[in-house]
Amino acid sequence: MFEATIAGSLPKPSWLAETHKLWPQWKAQGAALAEAKRDATLVWIKAQEDAGLDIVTDGEQSRQHFVHGFLEAVDGIDFEHKVEMGIRGDRYKAMVPQVVGPLKLKGRVHGTEARFARAHTKKKLKITMPGPMTIVDTVADRHFGGGPEGRIAMAMAFADLLNQEARALEADGVDVVQFDEPAFNVYMKDVNAWGLKALERAAAGLTCTTAVHICYGYGIKANIDWKKSLGEEWRQYEEIFPAIAKSSIRQVSLECQHSHVPMDLIRLLEGKDVMVGVIDVASDVVETPEEVADTIGRALQFVARERLLPCTNCGMAPMDRDIAARKLQALAQGAALARQRYG
């Protein structure tokens with residue numbers, strides 16, 4: 001009960017990459033970089049285990065960015081000629097690669113890190129990948145023709161590649177395959193029209209646990225400013241949860257801690273396991289176990305205890321490493337306290 005986990009990413013150590021950045025530059029190259037990525041993965045697996053988490057991740061230590069880390073393994077993507085593009089509804093600008101031809105995997109995407117992590121933990125292992133809608137929103141199109149039809153065609157093409165890798169991850173012994181879809185909180189009509197279909201296509205045929213992570217973004221200024229514009233209640237989930245509840249996806253994450261998401265929206269996810277965000281990744285203030293347990297208690301009004309998984313609101317990639325480690329401990333300690341209170 002109350003299996004504690006994180007959304008996925010963790011800060012990269014300063015000896016691996018630049019810190020406090022979403023697109024950090026690596027500190028090494030070639031074999032030295034590969035070794036440093038493995039070392040960083042081990043550090044964070046140990047930190048998650050020591051904290052007491054029940055489901056661990058590789059911390060996305062081998063990826064420069066959660067979307068581009070997947071795109072680097074895809075033929076038809078031009079990284080040499082990046083262009084500036086507004087993403088997440090033009091919330092902020094980013095330099096993104098371009099789709100310039102038919103899409104095809106060059107080989108395995110996250111197989112090396114998944115097998116490495118699997119070999120170094122007996123805990124349940126989760127590996128994350130970007131969802132197809134979020135990929136479409138983080139890459140420029142010079143092949144599919146642009147416009148709504150081009151976005152749909154591109155999303156379905158990426159969904160097929162994601163499914164190919166997801167099936168391989170399952171064969172690697174991964175317990176949970178999670179698709180990250182922050183774009184679901186931006187393009188709600190598109191989610192219902194085609195985004196969820198693309199997500200289910202990405203998860204088709206999997207027998208391991210499938211999850212979708214839907215948040216309000218990393219704790220960066222552009223996202224924090226956007227949240228301030230959303231008013232006293234954030235009801236984006238209300239437009240997409242009913243359709244997700246009917247989908248084959250087993251777990252759904254949502255942002256709760258220090259957010260303006262009405263907790264009762266969890267009711268719309270009846271029948272799903274709910275990853276309740278009890279750790280705020282937009283603040284350096286470390287939650288107390290009591291605060292975490294209190295949030296779990298509020299969520300229990302709307303979801304059965306056997307379906308609640310305490311989680312972080314979002315990934316922690318841009319955070320300070322020490323603060324992230326302390327938040328992991330607060331997450332696990334709060335989950336343990338909740339077991340005592342509500343078990």
Side-chain angles (χ1 to χ4, degrees), residues 7-8 66-67 70-71 73-74 76-77 87-89 96 99 102-105 109-110 126-141 143-170 174 176-217 235-255 265-275:
F66 83 104
V67 176
F70 184 85
L71 296 180
V74 179
I77 307 292
I87 64 176
R88 311 297 180 265
V96 302
V99 177
L103 300 174
K104 181 182 178 182
L105 291 185
V109 183
H110 301 307
K126 174 166 70 175
I127 296 294
T128 62
M129 293 192 291
M133 176 176 275
T134 294
I135 293 179
V136 167
D137 195 49
T138 322
V139 67
D141 176 25
H143 176 72
F144 286 91
E149 294 304 317
R151 286 172 66 84
I152 295 171
M154 184 162 53
M156 297 305 171
F158 277 121
D160 289 339
L161 303 188
L162 288 164
N163 184 250
Q164 182 179 334
E165 177 64 12
R167 289 172 183 251
L169 288 170
E170 181 178 80
V174 170
V176 183
V177 172
Q178 175 180 296
F179 299 96
D180 297 332
E181 283 285 22
F184 272 26
N185 262 351
V186 183
Y187 311 105
M188 285 78 73
K189 291 182 179 179
D190 286 343
V191 172
N192 289 302
W194 57 267
L196 189 55
K197 292 177 184 176
L199 177 62
E200 291 219 73
R201 189 160 167 168
L206 295 178
T207 57
C208 65
T209 298
T210 56
V212 60
H213 168 65
I214 311 166
C215 65
Y216 287 79
R235 305 196 70 91
Q236 284 77 9
Y237 289 139
E238 192 170 31
E239 298 185 47
I240 59 176
F241 277 1
I244 292 174
K246 297 176 183 177
S247 76
S248 62
I249 304 300
R250 178 172 164 183
Q251 295 181 349
V252 184
S253 83
L254 65 156
E255 186 164 322
L265 295 184
I266 294 176
R267 282 198 181 111
L268 300 175
L269 292 172
E270 185 176 359
K272 299 299 180 187
D273 293 342
V274 182
M275 289 183 280

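Numbering of residues begins at 1 and proceeds along the displayed sequence.
Residues satisfying the side-chain hydrogen bond (donor to acceptor under 3.5 Å, both in side chains) criterion with R235, sequence neighbours excluded, are E233, E238.
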- Task: Give the C-alpha distance, both sets of side-chain angles, the deciding distance and a yes or no for side chain to side chain contact (heavy atoms under 4.5 Å, CB included) between I214 and I244.
- Result: CA-CA 11 Å; I214 311 166; I244 292 174; 3.5 Å; yes
Applying side-chain hydrogen bond (donor to acceptor under 3.5 Å, both in side chains) to S247 and E200, what does each step give before you reach the verdict? CA-CA 7 Å; S247 76; E200 291 219 73; 4.8 Å; no
request  = Could you check L103 against I77 for side chain to side chain contact (heavy atoms under 4.5 Å, CB included), going step by step and ending with a plain yes or no?
outcome  = CA-CA 8 Å; L103 300 174; I77 307 292; 3.8 Å; yes
The test is side chain to side chain contact (heavy atoms under 4.5 Å, CB included); show your working for V176 and Q251 and say whether it passes. CA-CA 9 Å; V176 183; Q251 295 181 349; 4.1 Å; yes
* V174 vs K126, side chain to side chain contact (heavy atoms under 4.5 Å, CB included): CA-CA, chis, key distance, verdict -> CA-CA 6 Å; V174 170; K126 174 166 70 175; 5.8 Å; no
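Rounded to the nearest 0.5 angstrom, H110 NE2 and T128 OG1 are separated by 7.0 Å. In this structure, the separation between CD on Q236 and CG on L265 is 10.0 Å, given to the nearest 0.5 Å. For the atom pair OG1 of T209 and CD1 of I249, the computed distance is 11.0 Å after rounding to the nearest 0.5 Å. Summarising the geometry, atom CG belonging to L199 is positioned 7.5 Å from atom OG belonging to S248; distances are rounded to the nearest 0.5 Å. Rounding to the nearest 0.5 Å gives a distance of 12.0 Å between OH of Y237 and CZ of F184. Interatomic distance, I240 CD1 to D190 CG, rounded to the nearest 0.5 Å: 12.0 Å.
By the 4.5 Å heavy-atom criterion applied to side chains, V74 and V109 are not counted as neighbours. Two residues are said to be in side-chain contact when any heavy atoms from C-beta on lie closer than 4.5 Å; I135 and L162 meet this criterion. I266 is not listed as a side-chain neighbour of F241, based on a closest heavy-atom distance of 4.5 Å or more. At least one side-chain heavy atom of V99 sits under 4.5 Å from a side-chain heavy atom of M154. With a 4.5 Å cut-off on side-chain heavy atoms, F66 and T138 do not count as touching. Using a 4.5 Å heavy-atom cutoff, the side chains of L169 and I127 are in contact.
Side chain of N163 to main chain of A202: a donor-acceptor pair is present (N/O by atom type, distance under 3.5 Å, no hydrogens or angles). Without hydrogens or angle criteria, T210 side chain to V177 main chain gives no donor-acceptor distance under 3.5 Å. With hydrogens and angles ignored, the 3.5 Å screen pairs no side-chain donor or acceptor of Y187 with any backbone N or O of M133. The main-chain N or O of C215 is found under 3.5 Å from a side-chain atom of N185 such that the two form a donor-acceptor pair. A donor-acceptor pair under 3.5 Å is formed between the side chain of D137 and the backbone N or O of R88. Proximity of a side-chain donor or acceptor of T134 to a complementary backbone N or O of P130 within less than 3.5 Å is not detected.
Residues G131 and F179 share a closest heavy-atom pair of CA-CB, 4.2 Å. The minimum heavy-atom distance linking E170 with C208 is given by the pair OE2-N, 2.6 Å. Minimum heavy-atom separation, G205 to R167: CA-NH2, 3.6 Å. Contact between A245 and K272 at its shortest, heavy atoms only, is O-CE, 3.3 Å. When every heavy atom of A159 is checked against every heavy atom of A198, the shortest pair comes out as CB-O, 3.3 Å.
Sorted by first and then second residue, the side-chain hydrogen bond (donor to acceptor under 3.5 Å, both in side chains) pairs with a member in residues 146-161 read D160-R201; sequence neighbours excluded.
Under 3.5 Å, the side chains of D180 and Q178 contain a donor-acceptor pair of N or O atoms.
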